[in-house]
Enquirer: 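Here you go, one structure.
Reminder, nothing fancy here: chain letters follow the sequence lines and each chain counts from 1.
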Protein chains: 2
Amino acid sequence: MTQKQTNPVRRGRPPKNGYSPEETRQRLIRQGIEVFTEKGFSSSGLDEILRQEKVPKGSFYHYFQSKEAFGEAVITEYAQYFANKLDRNFNNEQLSPMQRLQSFVDEACHGMQKHKFKRGCLIGNLGQELGSLPPAYRVQLDSVFLNWQMRLGLLLQAAQEAGELSKDEDTKALSAFFWIGWEGAILKSKLEISEQPIRLFIQYFMRLCR
Amino acid sequence: MTQKQTNPVRRGRPPKNGYSPEETRQRLIRQGIEVFTEKGFSSSGLDEILRQEKVPKGSFYHYFQSKEAFGEAVITEYAQYFANKLDRNFNNEQLSPMQRLQSFVDEACHGMQKHKFKRGCLIGNLGQELGSLPPAYRVQLDSVFLNWQMRLGLLLQAAQEAGELSKDEDTKALSAFFWIGWEGAILKSKLEISEQPIRLFIQYFMRLCR
DNA sequence: ACAATTGTAGACGATCGGTCTATAAATAAA
DNA sequence: TTTATTTATAGACCGATCGTCTACAATTGT
């Protein structure tokens with residue numbers, strides 16, 4: 001019926017490490033997410049990313065056209081990963097809408113601790129770095145935020161339906177406000193090496209919703 | 001009585017450009033604020049800063065011990081500049097306390113536009129860059145925020161005295177919340193090339209205060 | 001056997017932060 | 001006046017590291 005996922009007829013020199021080209025590509029992107037999230041795009045070298053995945057430097061341009069194209073793929077992958085995290089929490093039928101938001105926050109706090117407050121949010125980090133970033137990234141980052149904003153907007157609408165949030169509230173504006181504060185909270189959380197700023201922000205945000 | 005401010009007996013080769021050594025130092029720091037605010041610390045070279053002020057590279061280490069020491073001076077100067085801006089607005093007796101906060105916001109929005117949304121806040125930018133910064137910067141940046149937080153805390157107390165803010169509010173927590181949201185708003189403002197995020201944040205913050 | 005394809009390997013030039021030596025221009029001491 | 005000392009300029013230079021490129025190794029198809 002269907003062919004094997006990896007092309008059965010495969011020409012050319014085989015990969016030296018055990019991984020298929022698609023796997024290697026994916027592994028590089030994953031590593032890119034980690035490194036760029038911690039150290040930013042401009043001050044991160046490809047060497048570091050390649051070294052960890054045991055991919056020789058010369059091979060990089062076999063997998064990606066340039067560092068810029070690589071960064072684009074990294075951003076896309078991170079956006080996807082984060083959107084999944086949002087969906088997982090925001091669609092949890094076990095909890096009320098506002099409880100789902102709280103569970104997302106708890107999960108994020110746990111993640112911050114796990115990485116010793118060194119990572120935070122790739123999108124936010126790159127946003128601050130805009131001045132030394134390829135110009136095309138700006139619109140990409142902006143649209144990622146818009147996507148998250150839409151997802152939260154839906155949750156807030158559900159909260160309205162459930163009577164947890166006044167129907168007078170502008171859910172679009174409120175969710176835009178959330179992500180504004182969120183990025184600030186992540187920043188201060190890294191600076192203070194504490195999840196307290198995140199907790200503080202959420203506390204006031206929740207108050208705003210009552 | 002008192003000697004002239006610039007030492008009257010001055011040995012050694014005089015500066016070539018018209019500026020005194022202190023002036024040159026100050027000019028380099030000013031330029032450093034601009035460049036670091038736009039492009040960050042790690043991805044900015046000393047060359048760029050020196051070129052603009054027509055200071056030869058070799059002279060740099062006459063004025064500063066290292067790039068790290070230079071950055072420290074830049075942060076300190078920016079913190080001072082920003083604290084002055086806060087004081088100028090927060091101590092304006094012509095306005096009520098909450099009006100003073102609003103006037104600060106208006107001024108900041110004007111500044112963002114003036115620089116075409118490319119600059120934002122040096123402290124916030126460096127905060128996001130923490131992973132690739134000299135470790136000593138973290139505590140320095142943190143203490144700058146603490147200073148701003150204290151200044152806003154005093155204003156909020158004045159607002160309480162003036163009956164503009166409930167005395168039940170924890171002014172410390174509220175001002176911490178303000179700076180969290182503020183940095184997020186500046187970030188999104190740069191991303192969207194619009195002052196709308198700042199306006200949106202302030203709108204909700206003001207609502208929280210009533 | 002030879003072309004086409006695919007991944008590997010390191011050379012390469014540019015640029016960075018930081019340091020070095022040489023020197024210019026002033027005053028202090030001889 | 002001459003020489004020493006101080007202060008600032010000037011740019012060459014070094015090792016490290018950046019992103020990119022070219023050569024080639026290893027496989028399959030004809």
Enquirer: Ignoring the backbone of A/K67, work out which of D/dC18, D/dG19, C/dG17 is nearest its side chain.
Expert: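 Selected nucleotide: D/dG19.
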Enquirer: State which residue, out of A/Q203, A/Q196, A/E195, fulfils the side chain to side chain donor-acceptor pair (under 3.5 Å) condition with A/R199.
Expert: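 So, applying the side chain to side chain donor-acceptor pair (under 3.5 Å) to A/R199 and each of A/Q203, A/Q196, A/E195, only A/E195 qualifies.
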Enquirer: Measure from the side-chain heavy atoms of B/L46 and tell me the nearest of C/dT8, C/dG17, D/dT7.
Expert: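 Shortest atom-to-atom distance from the side chain points to C/dG17.
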Enquirer: Rounded to the nearest angstrom, tell me the gap between atom CZ in A/R51 and atom P in C/dA9.
Expert: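 One finds 16 Å between P of C/dA9 and CZ of A/R51, rounded.
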Enquirer: Near B/K118 NZ, under 6.0 Å, is it more than 12 heavy atoms from other residues, nucleotides or ligands?
Expert: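 No, not enclosed.
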Enquirer: When the distance from CG of A/D47 to P of C/dC12 is rounded to whole Å, what number comes out?
Expert: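 Those two atoms, CG and P, are 17 Å apart.
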Enquirer: Have a look at B/K57 and say if it touches a base, only the backbone sugar-phosphate, or nothing, with a 4.0 Å heavy-atom cut-off.
Expert: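 Base, at least one base atom sits under 4.0 Å.
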Enquirer: Could you check how far CZ of A/F70 sits from P of D/dC18, rounded to whole Å?
Expert: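 Atom CZ in A/F70 sits about 14 Å away from atom P in D/dC18.
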Enquirer: Could you tell me how far apart B/R25 (CZ) and D/dA8 (P) are, to the nearest whole angstrom?
Expert: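 Taking CZ of B/R25 and P of D/dA8, I get 12 Å after rounding.
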Enquirer: Is B/K67 positioned over the aromatic face of B/F41, cation under 6.0 angstrom from the ring centre and no more than 45 degrees off axis?
Expert: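 Yes, a cation-pi geometry.
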Enquirer: Charged N to carboxylate O below 4.0 Å: is that the case for A/E53 and A/R30?
Expert: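 No.
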Enquirer: Take atom CZ of B/F60 and atom C1' of D/dG11, then tell me their distance rounded to the nearest Å.
Expert: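 Spelled out: CZ on B/F60 to C1' on D/dG11 is 16 Å.
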Enquirer: Do any side-chain nitrogens or oxygens of A/Y61 fall under 4.0 Å of OP1 or OP2 in C/dG10?
Expert: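 Indeed not, no polar side-chain atom of A/Y61 lies that close.
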Enquirer: Just checking B/S44: base, sugar-phosphate only, or nothing, at a heavy-atom cut-off of under 4.0 Å?
Expert: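 The answer is sugar-phosphate, as B/S44 gets under 4.0 Å only of primed atoms, P, OP1 or OP2.
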Enquirer: For C/dT8, does either OP1 or OP2 sit under 4.0 Å from a side-chain N or O belonging to A/S59?
Expert: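 The answer is yes; a side-chain N or O of A/S59 sits under 4.0 Å from OP1 or OP2.
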Enquirer: Establish, with yes or no, whether the OP1 or OP2 oxygen of C/dG7 is under 4.0 angstrom from a side-chain nitrogen or oxygen of A/H62.
Expert: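 True: A/H62 side-chain N/O within range (under 4.0 Å) of C/dG7 OP1/OP2.
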